[in-house]
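Read through the structure below, which is laid out as structure tokens, and then see the notes.
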Amino acid sequence: MGSVHADAAPLFRALFPHPEFDIDLVSAYAYPAVLERPWLRANMVSSADGGAWGPSGRTRDLSSRADRAVMGVLRGLADVVLAGAATARIEGYRPVRPREVWKELRAGRPGTPSVAVVTRTLDLHPDLLSEAPDDARTIVFTTESAPEERRRAAAAMADVVVAGEDSVRPQQVLAALAERGLFRVLTEGGPHLLAEFTAEGLLDELCLTLSPHLLGPASSRIVAGEAPSHPHDLRLESLLESEGALFARYTAV
Ligand SMILES: NC(=O)c1ccc[n+]([C@@H]2O[C@H](COP(=O)([O-])OP(=O)(O)OC[C@H]3O[C@@H](n4cnc5c(N)ncnc54)[C@H](OP(=O)(O)O)[C@@H]3O)[C@@H](O)[C@H]2O)c1
């Protein structure tokens, strides 16, 4: 009996806006039904004291079955998963694998979201570029100043977009995704990349997992880096709970 219970999908209950049991994540996280421009959603996890990664230097110390379930649904709903190259390197990003449960969710779209990576160095795992399916090629956003030879090598395997001189410009990233019809954008960070989008007021939605851990001061917050402070109000749209973790969904006001 115990193993049957352990294998069952985690149950989610809503605490806000209305108490409700056994929440359907696909409905809870649906993108707006009509989009005329890219909708930038971030999915981030934080410890109870605001840390963005654990002692391993990765997010797995903060993640859980329930967090992975939300991440899977968010990826299934998205047209493209956008990440900074450090996250891609540290978290071992590869093309997203199709899942049986996404079949209905992705009807009329490629079986998986594309992965888009932002990088100056083009120091990316070759499989991330070469293993993607033809209808969901990896997109590499880079700069004019990026190493020419690496840029050519990447362009042989992936969709390379030069989106800035010395720094990729967030606005150009969203414009290039729109040109490709990729409107449901899911950024998974990291904190430095996210700061560049929030600094320009481009974030539409933040899906935040609050994980029941305390980390202490060694790790970064979920928005970090050199960008000057840029306060924005957020509206709490929903708050779910599963297995002790809280899942808040905020939209930009
Ligand atoms: N808590 C969470 O939800 C969460 C989510 C994701 C990641 N993380 C953790 O966060 C850490 C990594 O995140 P991070 O904030 O350090 O790095 P990051 O934002 O993932 O990536 C930074 C890198 O992205 C590229 N980049 C960013 N902005 C750029 C621009 N404007 N133009 C050109 N390239 C640009 C550069 O890549 P190059 O170096 O290749 O030039 C830069 O070094 C890891 O420990 C990861 O586990 C946590």
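When a ligand or atom number is given, it counts from 1 through the structure's own listing order.
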among protein heavy atoms, the one nearest atom 18 (P) of ligand 1 is Gly190 N, 3.6 Å
- Under-4.0 Å salt bridge between Arg13 and Glu20: no
shortest atom 6 (C) of ligand 1-to-protein heavy-atom contact is with Glu188 O, 2.9 Å
min-distance protein heavy atom vs atom 25 (C) of ligand 1 -> Val118 O, 3.1 Å
Atom 46 (C) of ligand 1: of Arg58, Arg60, Glu91, the nearest heavy atom sits on Glu91
Counting heavy atoms under 4.0 Å, the part of Ile90 that contacts ligand 1 is side chain
The closest protein heavy-atom partner of atom 16 (O) of ligand 1 is His192 ND1, 3.4 Å
- Query: Should the pair Glu91-Arg60 be classified as a salt bridge under the 4.0 Å nitrogen-to-oxygen rule?
  - Reply: no
Among non-hydrogen protein atoms, atom 28 (N) of ligand 1 lies closest to Glu196 OE2, 2.6 Å
of all protein heavy atoms, closest to atom 45 (O) of ligand 1 is Gly57 O, 2.7 Å
Of Met44, Arg89, Arg120, the residue with the heavy atom nearest atom 39 (O) of ligand 1 is Arg89
Point to revise | Ionic contact status for Glu243 with Arg65, cut-off 4.0 Å | key: yes
Shortest non-hydrogen pair, Gly111 vs Asp135, comes out as N-OD2, 4.3 Å
*Does Arg151 pair with Glu149 as a salt bridge, N-O distance under 4.0 Å?*
no
On the six-membered ring of Phe183, is Arg109 placed so that its NZ or CZ lies under 6.0 angstrom from the centre and within 45° of the ring axis?
no
Open item on the list: Ile222 versus ligand 1: do any nitrogen or oxygen atoms come within less than 3.5 Å of each other?
Closed with: no
- Task: State whether the side chain of Arg89 and the backbone N or O of Asp123 hold a donor-acceptor pair below 3.5 Å, judged by distance alone.
- Result: yes
Pairing of Arg180 and Asp159 as salt bridge, 4.0 angstrom limit = yes
The closest protein heavy-atom partner of atom 9 (C) of ligand 1 is Trp53 CE3, 3.5 Å
When distances are taken from atom 37 (O) of ligand 1, the protein heavy atom at minimum range is Ala85 CB, 3.4 Å
Out of Thr59, Val168, Thr87, the nearest non-hydrogen contact to atom 20 (O) of ligand 1 is supplied by Thr87
Using the six-membered ring of Tyr31, assess whether NZ or CZ of Arg41 lies under 6.0 Å from its centre and within 45 degrees of the ring axis.
yes
Look up atom 42 (C) of ligand 1 and tell me if a protein heavy atom lies less than 4.0 Å from it?
no
